[in-house]
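Quick caveat: nothing in here was measured; it's all calculated off a predicted structure. Residue numbering restarts at 1 for every chain, and letters A, B, ... go by the order of the sequence lines.
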Amino acid sequence: MSLVPYVLALADDALVSAQRTAWWISRAPELEEDLALANIGLDQLGQARSLLSYAGAVEGAGRTEDDLAYLRDDRDFRNVWLVERPQTDFGVTMARLLVFSSWQCELYAALASCGDPTVSAIAAKAVKEVAYHRDHARLWTLRLGDGTEESHQRMQAALDAEWPYVEELFEPVDGALVDPASLRTAVLDRVQSVVQDATLAVPTTAPVVGGGRRGLHTEHLGHLLADMQHLHRSHPGVTW
Amino acid sequence: MTQWPLWEVFVRSRRGLSHVHVGSLHAPDAELALRNARDVYTRRQEGVSLWVVPSAEIVASDPGEREAFFDPADDKVYRHPTFYSVPDGVEHL
């Protein structure tokens, strides 16, 4: 089975998350957090670039990372719903990052010893980056959860809002090098222990049935792509 | 919003060198000050080690006392180790 759908799925998760995270640039609560979020977004973008280039090479149709990032429509994207929805609340961003980076951390750690040498090398580099993202999200979850009454309530609301989108991370993907379901216990254990340390409750909100891995998306992805792809599509081949 | 406390940041660029003051930042506590220092001051491989110190803990000399503090050293040229002849071929002295 071709590797392309799987590598694209992981690339799209990282790319869409990077684009959402970049929304915070110039908007974060403090200059220091602005830079921290920009660094995290750029790490994710770097992972996406490596994975997209490799997907293009394996596909063998001559598509570059730019072709794949800028010239596909939303139905061709394979990212999970967790990363594509808008995030304009800092608590939501941290709740989502806690889940996403915990998942990426287990995923990349497993992929680092998978049978494909390129994916393995990309994952070995990325696992150090996402371990830092996970710690950033952990520190903020602890401080907001165990902070003031308002920060506690908002962090809990953010976790409750993100929780329905967690299960999609563990759904089967065509051509997977690591079985997504095999990561579930480790990811949930890690997230739940942070949530409990932060004096928050593990949400009980029911999962939604996401369709990202099959190209079915929320209405938000189209708007995100319009923003992200506009320049490249209006000025094909434009460079700095 | 009350602003976070100020911290001074010191970076060691490589092993064997001293930590050097590179600037300051705001952070709510020591743990996040260290993280912020990593994100603000070591994005381009500037360092292998970081110190953060609460700015309020730094005791500074008074600019008004500058003359009494520093001028007396002006004419003590014999304190400089420049009166030795160095044998040829001696490196790292």
S.K.: Is the number of heavy atoms from other residues, nucleotides or ligands within 6.0 Å of CH2 (Trp23(A)) greater than 12?
M.R.: yes

S.K.: Any non-hydrogen side-chain atom of Glu33(A) less than 4.5 Å from a side-chain atom of Leu32(B)?
M.R.: no

S.K.: Measure Leu42(A) against the heavy atoms of chain B and call it side chain, backbone, both or neither at under 4.5 Å.
M.R.: side chain

S.K.: Can you check whether Glu32(A) reaches Asp39(B) side chain to side chain, under 4.5 Å on heavy atoms?
M.R.: no

S.K.: Does this structure show an ion pair linking Glu31(B) with Arg143(A), if we count only N-O contacts that are shorter than 4.0 Å?
M.R.: yes

S.K.: I want to check something: taking the side chain as every heavy atom from C-beta on, are Arg43(B) and Leu35(A) in contact at a cut-off of under 4.5 Å?
M.R.: yes

S.K.: Counting heavy atoms not belonging to Arg154(A), are there more than 12 under 6.0 Å from its CZ?
M.R.: no

S.K.: Determine the minimum heavy-atom distance between Arg35(B) and Tyr132(A), stating which atoms define it.
M.R.: O-OH, 3.4 Å

S.K.: Decide if atom CZ of Arg85(A) counts as having more than 12 heavy atoms of other residues, nucleotides or ligands within a radius under 6.0 Å.
M.R.: yes

S.K.: Please check if atom CZ in Arg20(A) has more than 12 non-hydrogen atoms from other residues, nucleotides or ligands closer than 6.0 Å.
M.R.: yes

S.K.: Count the heavy atoms of every other residue, nucleotide or ligand shown that sit under 6.0 Å from OH of Tyr70(A), and state whether that count exceeds 12.
M.R.: no

